[in-house]
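Below: one structure, written as C-alpha cells.
In what follows, chains are A, B, ... by sequence order, proteins preceding strands, each numbered from 1. Values below: every heavy atom of this structure, side chains too, minus hydrogens, waters and symmetry copies.
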Amino acid sequence: MALMPKRVKHRKSQRGRIKGKATRGNRVVFGDFGLQATQGGWVSAQTIEAGRVAASQYLRSEGRLYIRVFPHKSITSIPLETRMGKGKGEPEFWAAVVRPGTVLYEIGGVSEEAARMCFSRLAHKMPVRVRFVRRRAV
Amino acid sequence: MAEALNVKKRASRGKREAKRLREAGSIPAILYGHGEANESLVIVADEMSAVIRHGGRVVELKGAVNEKAFIRELQWDVYGVEVLHVDFARVSEHERVEVKVKVELRGEAPGVKDGGAVEHLLHEIEIDCEALSIPEKIGVSIRELKIGDAITAGELKLPDGAKLVGDPDDVIVHCVVHREEEEVEGGAEGAEPEVIGRKAEDEEEGEE
C-alpha cells in the first residue's frame, strides 16, 4: 500500500516550483550508504513503494532499508475528454517533492557491494537521476 | 603524528572571493582559539581531502602560520563532495578536546545465524581526550552478540585517557529478530486523508 498522509489541512495544493538544492535531508544519517537525488522532481508514493519492494526483495532478511522521503503533496488531474475549466481536478496521487541533493533511501548492515547492487536496481525505478553515497566522515 | 598542511594568509573577504578561491583549487579557512587573534587562511583542497581521507583530526599548519590545529568544523556542499570551508582551533600538546569519533563494528554476530539482524544505532560517539591522541575510530567487537543482546556506550573500550561524553546507557548496536516484511502504512486504494477542520464545519452547517 502506497504512503500518504493521515491528516491534511487542504486536499489540493498548487504545483509550486522546485528551486535550489536540498539544504536538509542531504546526508546519510541512519544507515551506512544512501541513494541521493542529483535532480529535482516529484517522486510518487507508488514509486517510493516500488523502490522499497525492490530493495527488500534483494536484501531479503539482511540489513535494513530506511526511506527518507514522504509523499506530502497531493497531485490532481482532470479526467480525459473533459472540457477545460470547471475548477481544479481531483487528487490522483501523492508525491514527495525532491530537490537535488535529497537522500531518498538509506541502507545499513550490509556490505558496500550489496548496497551498490541493491541501489542500482532501485535507481532504475526513480524518476530523477540519482547517485550512490556513503556516510560522510565525522 | 599530525599531518602537515600548507597555509597562506587570506586578505580577501566575501563569498565572491571565496568562490574564486574554490574554483582555483583552494579552500578558505579560519584559525582561532587560545584568546589570540583570528587568522583568515587559504589551504590547498587536495591536501585537505587527503587529511579527511586519512581520518586526521589534528594538523600541523605550515607556511603563514606555524602551529598545531584541531579541525573543529567542516562545511560541505549540498552533495557532500567538496569542502567549502574549514574551521581550525588552536591546540596545545596536552589540551583536552571533546570530539566525535566513528564507531566501527568488527566481526560477525552469532545472532545473525539464528535469524536475527544487527542494527547499528549510534555511528559516532563523543569523547573527551587529549588533542594529540584522538583515535581515528573505536572498534566494537560483535562476535558475542546474540539475539536480544545490546552493547551500550558505557561498555566500549576507549583509548587510555579518554572519557565518554554523554549517556553511557545509549545503545550502540543491538541484535533483534528481523520483523516480517511490514506493510507500509497507508490508506486503501482511492482513500483520502482526513481534512483538518472539515468535519467540524460540516457538523456546524448541519445544525444550522
- Task: State whether the number of non-hydrogen atoms from other residues, nucleotides or ligands found under 6.0 Å of Q39(A) atom CD is greater than 12.
- Result: yes

- Message: Taking atom CZ as the centre, does R22(B) end up with more than 12 heavy-atom neighbours from other residues, nucleotides or ligands that are less than 6.0 angstrom away?
- Response: yes

- Message: Heavy-atom cut-off 4.5 Å, strictly under: side chain, backbone, both or neither for R7(A) against chain B?
- Response: both

- Of all heavy-atom pairs between E119(B) and R64(A), which one has the smallest distance, and what is that distance? OE1-NH1, 3.3 Å

- H124(A) atom NE2, over 12 foreign heavy atoms within 6.0 Å: no

- Item | Where D77(B) and R136(A) come nearest, the two heavy atoms and their spacing | O-NH2, 4.4 Å

- Item | Which of K21(A), E92(A), H10(A) touches chain B most, by non-hydrogen pairs under 4.5 Å | K21(A)

- For the residue pair K6(A) and P193(B), what are the closest heavy atoms and their distance? O-CB, 3.4 Å

- Message: Among V29(A), T23(A), T38(A), which residue has the highest count of heavy-atom pairs closer than 4.5 Å to chain B?
- Response: T38(A)

- State whether the side chain of H123(B) and the backbone N or O of F30(A) hold a donor-acceptor pair below 3.5 Å, judged by distance alone. yes

- Can you say whether R135(A) sits under 4.5 Å from chain B via the side chain, the backbone, both, or neither, judging by heavy atoms? side chain

- Query: Counting heavy atoms not belonging to R129(A), are there more than 12 under 6.0 Å from its CZ?
  - Reply: no

- Message: Check this for me: E104(B), atom CD, are more than 12 non-hydrogen atoms of other residues, nucleotides or ligands nearer than 6.0 Å?
- Response: yes

- Would you check if the side chain of R131(A) reaches a backbone N or O of Y79(B) as a donor-acceptor pair within less than 3.5 Å? yes

- Message: More than 12 heavy atoms of other residues, nucleotides or ligands under 6.0 Å from CD of E17(B): yes or no?
- Response: yes

- Item | Atom NZ of K88(A) with >12 non-hydrogen neighbours under 6.0 angstrom | yes

